[in-house]
Amino acid sequence: MNNKEIARVFRVIADILEIKDENFFRIRAYRNAAGHIENLTQDLNDFNQAGLQDIPGVGADLSAKIIEMLKSGKLEYFEELKKSIPCGLLDIMDIPGIGPKTTKLLYEKLRIDSIDSLEKAARSGLIAGLPGLKEKTQENILKGILLIKQKPEKILFSYAQNTAENIISSLKKLKEIKQACIAGSLRRGKETVRDIDILAASLSAEKAMELFTGLDLVKDVIAKGPAKSSIRTKDGIQVDLRVVDPKSFGAALVYFTGSKEHNIRIRELAKKNNLKINEYGVFDLKTDKIAAAEKEEDIYAALGLSFIPPELREDRGEVEAAKIKKLPKLITLSDIKADLHVHSEWSDGNASISVMAETAFKKGYEYMVISDHSQGLGIARGLNPQRLYKQIDEIKTLNKKFKKFRILSAAEVDIKSDGTLDFSEDVLKDLDVVLAAVHSGFKQSSREMTKRLVKAMENRYVNIIVHPTGRLINERPRYEFDFEEVVKTAKDTNTALEINCYPKRLDLDDIHARRAKQEGVRISLGTDAHSAEQFEFMRLGVMVGRRAWLEKKDVLNCLSCEEFLKKIKKD
DNA sequence: GCCGTTTTCGGCCCGACTGTTTTCAGTCG
């Protein structure tokens, strides 16, 4: 079993224990451990028992359970637990507004053990009348069932950000609103989000809530109170608005940005220092005197921490690092001097090299890498060697025109299923940079795929493996391969790994990119731009890089053109 | 079930909104 599967088992155990009304803290312990396992950059298989217990939230009991799963592929305790309740109860808990208590009540009173039987009961009016439940709850259950049947896709960061910015600009038209900004997972730069959180500062919360719940894009108002309201938009996204006094904006921003795990961690820390932290500020536990509230920086300072950038707030070691002032100095968009993965109309792009170069230059870049597809990718009008040499000539001519910008000749060479490349070494040697990628045969076994990638990296001309895992968000999972071995080979062969900035790719993701950095592998950011406006995707890649704790020194794009060419050389 | 700069036992983050109630439990983030 892999990390993800083991974390899932712990989460399901927590859900079952919750229905069984077990000890709340025991349930939390399972969820807490699951969260830490999901955040791990290393495979659980690589730990020994003592090492497992170094994972936060994993003690003697859970480490033994992990070992059992790693060895046998299952967990006896879990198998027994599953028998104790109908599995449909877990689906019922997924319905918004239905938690463990209601699920249990429904099962005990009406033997409801699936979404279907729940829907039937609600339609025939059997729910209203149960102790503590009336018509309103019955209606909400039917609404909730409809919602989960639609199974909304994960919302891509860029889409959610546009929606959020529209709402914020509407809110800001209200003169009573002093400040408004994105919070939640969107502010932390997660690649996909479940909802949108917005924080506003105003002395007149009511007016803000009126405006918000009355916006054109609102389909349903889920909740509306004086401090907090939630709506669902016409395209199905839940948006939460929290309004606070401007005086506590910083505290509220910390609280509302999360993550939940990060918040728990800093609240625990506060408590140890005889402080209390909530969305209104940091307070002295005894005197209730306020220590900080208005600015985010002050909140962290009051806890003895340096400021933690939102992208790091995942309880992945950032609080510990902030304590000893060892947080990384994260890369920013302004550190980027080049785009290292760009297409043109020579293959499947829609603009000339010249237009792409002009755009990149105007963005302030010093160079860019033109990396059109190789011949094997017929669907993308991949270049054969003859056309590639013509393109190299055109780039030479264009480079004469530019004084302060350089175009590097490259190719995104297809890695064939046996690990050989789509161009011979004779051709590759004439390129400034070689990018290599898998575009087919995703279903190979993990072993074959690992060998395929390793062989490509061992080629003396391959400089960067682009979109290394091949996942497409909402469409296709990553292909199977041994990431640790690929990272090790990347390090040994001086091959960089890309964070592809295309919104659906963002590949490597934050966890993998951080692992690569830890092993000393260089990271390359490439937009994979197929048109001039797609250079903008760079900010998404930078965001992933920041979540991966990347600094300037880890990223090839921060080097001057000369340094870049020197650093990527093999041997 | 985890964890320890007061603790190896006794704690474990904090508050808002809904729907049902007449002061609160359940759910959510």
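Protein chains get the first letters and strands the later ones, always in sequence-line order, with residue 1 at the start of each. Remember, it's a predicted structure, so these values are computed and weren't measured experimentally.
Nearest-nucleotide positions on DNA chain B place Q53(A) closer to the 5' end than the other of Q53(A) and L275(A). Between N140(A) and R28(A), the residue whose closest nucleotide on DNA chain B is further toward the 5' end is R28(A).
Not one side-chain nitrogen or oxygen of N32(A) sits closer than 4.0 Å to the OP1 or OP2 atom of dC2(B). Taking 4.0 angstrom as the limit, K271(A) places a side-chain polar atom (N or O) nearer than this to OP1 or OP2 of dC14(B). Residue N263(A) places no side-chain N or O under 4.0 Å from the OP1 or OP2 atom of dC13(B).
The side-chain contact (heavy atoms from CB on, under 4.5 Å) test with T163(A) is passed by exactly one of I155(A), L186(A), I196(A): I196(A).
Taking the six-membered ring for Trp and thresholds of 30 and 60 degrees, Y30(A) and Y77(A) have nearly parallel ring planes, at less than 30 degrees apart.
In this structure a side-chain-to-backbone donor-acceptor pair under 3.5 Å is present from T213(A) to M209(A).
Geometric assessment of R111(A) against the ring of Y107(A) yields a positive cation-pi assignment under the 6.0 Å and 45° thresholds.
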Subject >> Contact pattern, 5' to 3', of nucleotides 20-29 of chain B - B, S or - by protein heavy atom under 4.0 Å >> reply: SS----SSSB
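One atom, CG of D245(A), and another, P of dG15(B), lie 17 Å apart when rounded to the nearest Å.
The side chain of K224(A) lies closest to dT18(B), out of dG1(B), dT18(B), dA16(B). In the set dG1(B), dC17(B), dC13(B), dC13(B) carries the atom at the smallest distance from any side-chain atom of E268(A).
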